[in-house]
J.: 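Once you've had a glance at the structure underneath, I'll fire off some questions.
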Amino acid sequence: MQNKSIYILSIESSCDDTSAAILQNDIVLSNVVANQKIHAAYGGVVPELASRAHQLNIVPVVQQAIEQAGINKKDLNAIAFTRGPGLMGSLLVGTSFSKSLSIALDIPLISVNHMQAHVLAHFIKEENYTSPQFPFLCLTISGGHTQILKVTNYYTFEILGETIDDAVGEAFDKSAKLLGLPYPGGPLIDKHAKLGNKTAYKFTEPKTKNTLDFSFSGLKTGILYFLQKEQKKDANFIQENLNDICASIQHTIVNILIKKITLASKITGIKNIAIAGGVSANSEIRSTLKSFEESHGWKTFIPKFEYTTDNAAMIGIVGYFKYLNNDFDKENTMATPRLKINQ
Ligand code: KG4
Ligand code: ZN
């Protein structure tokens with residue numbers, strides 16, 4: 001007898017991307033993401049504008065996801081949505097929408113932890129992609145988080161280290177802002193870095209008390225002082241050396257990440273190493289990790305680009321696992337901006 005297919009609609013609205021996906025079991029049928037361009041002019045996400053844009057986008061994005069998947073909303077078995085962490089106003093849009101639709105269609109509601117979803121995106125079934133074996137270490141690097149997690153099964157995440165100040169995505173975005181690049185600056189630093197010399201300039205790597213923790217706020221200040229000093233000598237310093245500056249900043253950040261995950265691997269003896277979150281789209285972190293397969297005997301797990309930055313497909317895969325576990329939510333479930341990784 002053939003197993004019945006489970007169709008899940010998933011919604012992600014934790015920050016500034018409105019996304020909806022349809023999964024058939026662990027396979028993604030559609031994954032629609034509407035980016036909010038409006039924040040670029042402000043140099044960062046403006047929470048109130050983000051909530052308003054989610055309100056505007058959510059219905060068309062869901063309709064598009066259903067259409068692209070070639071299913072009817074009557075086929076849906078459950079709705080999964082991001083409960084947190086994230087911006088309250090943004091989370092409320094996805095939460096309220098999902099609750100209403102689950103009542104209207106009379107199907108179960110499943111809340112999903114956004115950070116767990118970034119990690120479990122590795123279990124979306126894709127051709128030519130092998131999911132990590134447990135236990136594995138996951139370097140979770142995004143605009144809001146920087147953590148080294150030990151993942152022992154789908155539900156157990158132990159934090160071995162995390163940032164004590166800025167997230168690594170913020171370090172990229174704030175550095176980019178200092179260089180006059182629009183938000184989000186991470187991908188632009190990556191783009192310019194490809195054309196530059198990564199050893200052109202040296203920046204000091206901040207120290208932390210716990211060796212597996214991260215700190216990035218001092219780096220940003222160091223970059224600011226460096227740029228001010230150089231601009232006093234040459235007003236066009238940034239424009240004339242943009243590629244080299246980007247390459248050097250990126251190399252410093254990637255070095256910090258690589259050193260910490262290498263130490264975590266040594267301490268735990270775990271050589272299955274995954275990365276997750278928006279910053280895992282970065283080309284230098286991807287290529288450096290890949291090279292460690294040979295030099296360190298690691299098995300690395302690097303997600304497809306579309307599952308690195310915020311997307312609903314990753315919410316859908318967690319929704320699918322929770323569906324199989326009959327792990328459903330009641331209508332009184334609430335958006336939780338400060339949700340922790342194990343909640
Ligand atoms: O996971 P994500 O989409 O949203 C959060 O949950 O925070 O991560 C967004 C972050 C931003 O800081 C963005 O600049 C960064 O990921 N990012 C990158 C790259 N692509 C996205 N940082 C460096 N290099 C990239 N290629
Ligand atoms: Zn994220």
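This chain uses plain numbering: 1 for the first residue, then up along the sequence. Order of listing sets the numbers, starting from 1, for every ligand and every atom in it. In this text, all values refer to a predicted model and were calculated from it rather than measured experimentally.
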J.: Under a heavy-atom criterion of less than 4.0 Å, does His114 contact ligand 1?
T.: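 In this structure, His114 qualifies as a contact of ligand 1 - some heavy atom is under 4.0 Å.
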
J.: Look at the aromatic rings of Phe321 and Tyr154 and report parallel, tilted or perpendicular, splitting at 30° and 60°.
T.: parallel

J.: Could you list the atoms of ligand 1 found under 4.0 angstrom from a heavy atom of Gly144?
T.: 7 (O)

J.: Under 4.5 Å between side-chain heavy atoms, counting indirect links through other Ile/Leu/Val/Met/Phe/Trp/Tyr residues: same cluster for Leu92 and Leu101 or not?
T.: no

J.: Classify the contact between Asp190 and ligand 1 as side chain, backbone, both or neither, using a heavy-atom distance cut-off of under 4.0 Å.
T.: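 It is the side chain that gets close, since no backbone atom is under 4.0 Å.
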
J.: Provide, to 0.1 Å, the distance between atom 11 (C) of ligand 1 and the closest protein heavy atom, together with that atom's residue and name.
T.: Asp173 OD2, 3.4 Å

J.: Is there a side-chain contact between Leu188 and Pro182, using heavy atoms and a 4.5 Å cut-off?
T.: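 The answer is yes, as the side chains (C-beta and beyond) meet within the 4.5 Å cut-off.
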
J.: Taking Tyr155 as the fixed residue, which of Asn342, Asn325, Asp327 is the one that meets the side chain to side chain donor-acceptor pair (under 3.5 Å) rule?
T.: Asn325

J.: State whether the side chain of Thr146 and the backbone N or O of Glu162 hold a donor-acceptor pair below 3.5 Å, judged by distance alone.
T.: no

J.: Give a yes or no on whether Ile159 and Ile141 share a hydrophobic cluster (residues Ile, Leu, Val, Met, Phe, Trp, Tyr; joining criterion: side-chain heavy atoms under 4.5 Å apart).
T.: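 Shared cluster, no.
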
J.: Whether the side chain of Ser291 engages the backbone of Thr288 through a donor-acceptor N/O pair (distance < 3.5 Å, no angle test) should be reported.
T.: yes

J.: If we set the cut-off at 4.0 Å for heavy atoms, which region of His145 has an atom near ligand 1: side chain, backbone, both, or neither?
T.: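 The answer is neither; His145 stays 4.0 Å or more away.
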
J.: Is it true that Pro187 lies under 4.0 Å from ligand 1, counting heavy atoms only?
T.: yes

J.: Run down the list Gly185, Gly186, Ser175, Cys15 and name the one with the heavy atom closest to atom 18 (C) of ligand 1.
T.: Gly186

J.: In terms of relative ring orientation, are Phe134 and Phe123 parallel, tilted or perpendicular, with 30° and 60° separating the classes?
T.: parallel

J.: Between Glu126 and Lys304, does any NZ, NE, NH1 or NH2 come within less than 4.0 Å of an OD or OE carboxylate oxygen?
T.: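 Between Glu126 and Lys304 there is a salt bridge, with a charged N closer than 4.0 Å to a carboxylate O.
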
J.: Ion pair present between Glu170 and Lys220, side-chain N to carboxylate O less than 4.0 angstrom?
T.: no

J.: Are Ile110 and Phe97 joined in one hydrophobic group, where the rule is that I, L, V, M, F, W and Y side chains link up if heavy atoms are under 4.5 Å apart?
T.: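 Different hydrophobic clusters.
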
J.: For atom 15 (C) of ligand 1, find the nearest protein heavy atom and state the residue, atom name and distance (0.1 Å precision).
T.: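 Among all protein heavy atoms, the one nearest atom 15 (C) of ligand 1 is Val279 CG2, 3.9 Å.
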
J.: Using only N, O or S atoms, tell me which atom of Asp310 is closest to the Zn ion (ligand 2).
T.: OD1

J.: When you look for heavy atoms under 4.0 Å from ligand 1, do you find them on the side chain of His118, its backbone, both, or neither?
T.: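 His118 to ligand 1: side-chain contact only, backbone stays beyond 4.0 Å.
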
J.: Tell me which protein heavy atom sits closest to atom 1 (O) of ligand 1, plus the residue, atom name and distance to 0.1 Å.
T.: Gly278 N, 2.9 Å

J.: How far is atom 24 (N) of ligand 1 from its nearest protein heavy atom, and which residue and atom name does that atom have?
T.: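 Heavy-atom neighbour on the protein nearest atom 24 (N) of ligand 1: Asn282 ND2, 3.0 Å.
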
J.: Which atoms of ligand 1 have any heavy atom of Gly143 under 4.0 Å away?
T.: 5 (C), 7 (O), 8 (O), 9 (C), 10 (C), 12 (O)

J.: Return yes when at least one N/O/S atom of His118 is nearer than 2.8 Å to the Zn ion (ligand 2), and no when none is.
T.: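 An N, O or S atom of His118 is closer than 2.8 Å to the Zn ion (ligand 2), so yes.
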
J.: Within a distance under 4.0 Å of any heavy atom of Gly169, pick out the atoms of ligand 1 and give their elements.
T.: 12 (O)

J.: Tell me, please, if His145 has any N/O/S atom, main chain or side chain, under 2.8 Å from the Zn ion (ligand 2)?
T.: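 Of the N, O and S atoms in His145, none lies under 2.8 Å from the Zn ion (ligand 2), which means no.
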
J.: Just let me know how Asp310 lines up against ligand 1, side chain, backbone, both or neither, with a heavy-atom cut-off below 4.0 Å.
T.: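 Both backbone and side chain.
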
J.: Using a 4.0 Å cutoff against the non-hydrogen atoms of Ala281, which atoms of ligand 1 qualify?
T.: 20 (N), 26 (N)

